[in-house]
Amino acid sequence: MSILITNIKQLLQVHDHNVLVLKGEEMKTLTVLENAYLYIEHDTIIEYGEMVDCEGIEAETVVDATGRIVLPSWCDSHTHIVYAGNRTSEFVDRIKGLSYAEIAERGGGILNSAKVLQETSEADLYDQSMDRLEELIRMGTGAFEIKTGYGLTVDAELKMLRVIKRIKQESLALIKPTLLAAHAIPDDYRDKKEDYIKLITEELIPKAAKLNIAHFIDVFCEKGYFDLKDTEAILKAGKDHNMRPKIHVNQFNILGGVALGVKYNALSVDHLEELNDDDINALKPSSTMPVALPGCSYFLGIPYTPARKLIDAGIPIAIATDYNPGSAPSGNMNFVVGAACIKMKMTPEEAINAATINGAYAMGISNMYGSITRGKKANVIITKPLEHYNEIPYAFAHNPVEQIVINGQLKDIKNPEENFRI
Ligand code: NIG
Ligand code: FE
């Protein structure tokens with residue numbers, strides 16, 4: 001199997017050397033090859049260059065990309081795609097004036113989703129989740145992190161992990177699973193949070209580790225959920241079972257979770273709608289990626305992560321969707337790239353870097369994904385006709401994608417019969 005994409009107007013994120021992350025100033029540059037070709041064999045990027053050097057290259061499939069842009073597929077490093085049902089009624093309650101916290105206090109929020117998920121069969125949960133995932137593959141995402149966290153019992157969390165495992169085995173997209181049992185305190189443990197933490201650290205994490213599915217451990221470190229001490233206990237137990245931390249911090253309140261994440265060598269600290277100088281100073285010397293989730297800020301009407309502050313301090317940043325039923329019911333990375341520019345004042349270059357190579361870094365896969373580099377996975381977007389990549393964030397929430405190559409397979413996203421399964 002070989003694919004040659006010719007006459008590419010702009011080939012984005014081209015790196016001869018295997019870049020793993022772009023920090024601060026480096027994020028301002030998006031490497032572009034004009035009038036280019038890209039050659040793929042099986043699932044691997046083999047060669048690229050200017051059209052003048054394309055002569056003599058033959059392939060089984062040739063795609064003429066005249067007037068089109070080609071870039072690495074989006075890397076969405078923070079999602080909760082596996083959930084059951086939706087929370088539309090809470091959405092309407094919020095429009096009428098209730099806050100996210102007030103809804104949670106009334107037993108809504110994460111506990112509401114957990115109740116529905118517990119009652120949903122594994123097969124149905126898989127079908128609902130796979131439908132969401134495939135809609136997003138059509139919008140250009142080629143790699144997803146997926147969290148548990150709507151189970152909140154040992155059985156239901158393991159059910160979520162099995163569903164994520166099946167998606168990982170059956171989808172052409174790359175999937176990185178995360179255990180987020182510490183997403184909320186279940187009703188049965190309302191007055192004995194310590195027991196729930198024990199259940200997670202002593203029973204669930206060891207059982208999950210035996211299934212060998214979860215790569216990462218996550219905690220919702222927030223007032224009313226899990227404090228620093230709880231978070232530390234869970235990160236420790238996760239690390240003992242080879243799960244690297246990737247944690248929810250600073251969504252509504254600053255508890256010190258950023259520094260704790262850095263201390264435990266977190267791969268990423270996510271949300272950061274609230275951020276202070278101590279957080280910046282903790283991140284500066286670390287290899288922890290801050291991840292902003294502008295879809296959540298948009299949907300909940302909370303502050304946007306101060307991206308300029310991070311970039312100006314020489315720190316990298318990734319952007320992701322946070323796709324979930326409560327705070328960000330959209331997994332559209334094209335919208336996220338637009339919102340990062342419009343609301344967080346990131347330049348298109350910075351936003352595209354944040355959604356590709358830095359997103360891949362935040363999943364621990366940037367050695368194989370996130371840039372156009374020889375030897376990397378052939379996961380690319382071929383856009384509709386566009387004059388310039390600036391049009392991607394400009395036409396916010398549009399789908400600029402016309403075709404994709406995912407795991408080396410060429411797919412026409414307009415074809416409803418197209419299949420994204422192995
Ligand atoms: O990332 N903050 C915690 N978790 C999700 C929201 C979960 C929910 O409301 O269902 C988030 O925003
Ligand atoms: Fe989240």
Side-chain angles (χ1 to χ4, degrees), residues 76-91 93-94 98-118 128-129 132 144-152 156-157 160 164 176-186 216-227 230-231 234 245-255 257 261 266-274 289-305 318-331 333 336 339 359 362-363:
D76 190 350
S77 67
H78 183 136
T79 86
H80 308 247
I81 280 179
V82 174
Y83 63 83
N86 65 59
R87 304 227 298 271
T88 315
S89 63
E90 293 181 6
F91 166 60
D93 287 343
R94 273 202 309 105
L98 283 185
S99 70
Y100 182 78
E102 284 164 340
I103 290 168
E105 274 157 29
R106 294 175 174 205
I110 296 166
L111 296 185
N112 178 358
S113 288
K115 189 168 175 290
V116 181
L117 187 136
Q118 287 162 12
Q128 291 186 38
S129 308
R132 287 180 203 116
F144 301 81
E145 182 257 15
I146 307 180
K147 300 173 193 297
T148 69
Y150 292 118
L152 306 186
E157 284 290 310
M160 289 191 77
I164 299 172
K176 294 293 279 187
T178 298
L179 183 67
L180 172 60
H183 198 191
I185 298 140
F216 305 118
I217 184 81
D218 194 349
V219 179
F220 187 16
C221 179
E222 182 57 57
K223 251 189 206 160
Y225 293 82
F226 298 91
D227 61 24
D230 308 332
T231 304
I234 294 161
K246 249 177 97 59
I247 56 177
H248 283 73
V249 291
N250 293 28
Q251 183 174 3
F252 302 105
N253 297 284
I254 298 179
L255 306 185
L267 182 56
S268 72
V269 285
D270 301 29
H271 274 286
L272 311 172
E273 288 87 343
E274 304 296 329
M289 175 67 75
V291 179
L293 308 166
C296 173
S297 299
Y298 175 81
F299 190 73
L300 293 187
I302 61 177
Y304 287 82
T305 304
I319 52 176
T321 64
D322 195 17
Y323 191 10
N324 77 74
S327 69
S330 163
M333 280 295 284
V336 164
M363 288 186 266

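Ligands are counted one by one from 1 in listed order, and the atoms in each one are counted from 1 as well. Everything numeric in this text was worked out from a predicted model, so none of it was measured.
By the 4.5 Å heavy-atom criterion applied to side chains, Y150 and M160 are counted as neighbours.
Heavy atoms of other residues, nucleotides or ligands lying less than 6.0 angstrom from OH of Y298 number 12 at most.
In this structure, a donor-acceptor pair under 3.5 Å is present between the side chains of K246 and S268.
Residues H80 and Y323 keep their aromatic ring centres 6.0 Å or farther apart.
By the 4.0 Å N-to-carboxylate-O rule, D218 lies close enough to K147 to be salt-bridged with it.
Around the Fe ion (ligand 2), the protein atoms of type N, O or S found under 2.8 Å away are H78 NE2, H80 NE2, H248 NE2, D322 OD1, listed by chain and number.
Legend: residues meeting ring-ring contact (aromatic ring centres under 6.0 Å, His included) with F220, ordered by chain and number and at least two apart, are Y225, H248. Evaluation of the salt bridge (Lys or Arg N to Asp or Glu O under 4.0 Å) rule for E222 yields no partner, not counting sequence neighbours.
Annotation: ligand 1 has protein neighbours H78, H80, R87, Y100, I110, Y150, H183, F220, H248, Q251, H271, D322, N324, G326, S327, each with a heavy atom less than 4.0 angstrom from the ligand.
Distance alone, capped at 3.5 Å, is enough to place a donor-acceptor pair between the N250 side chain and the E274 backbone.
Judged by the 6.0 Å and 45° rule, R94 forms a cation-pi pair with F299.
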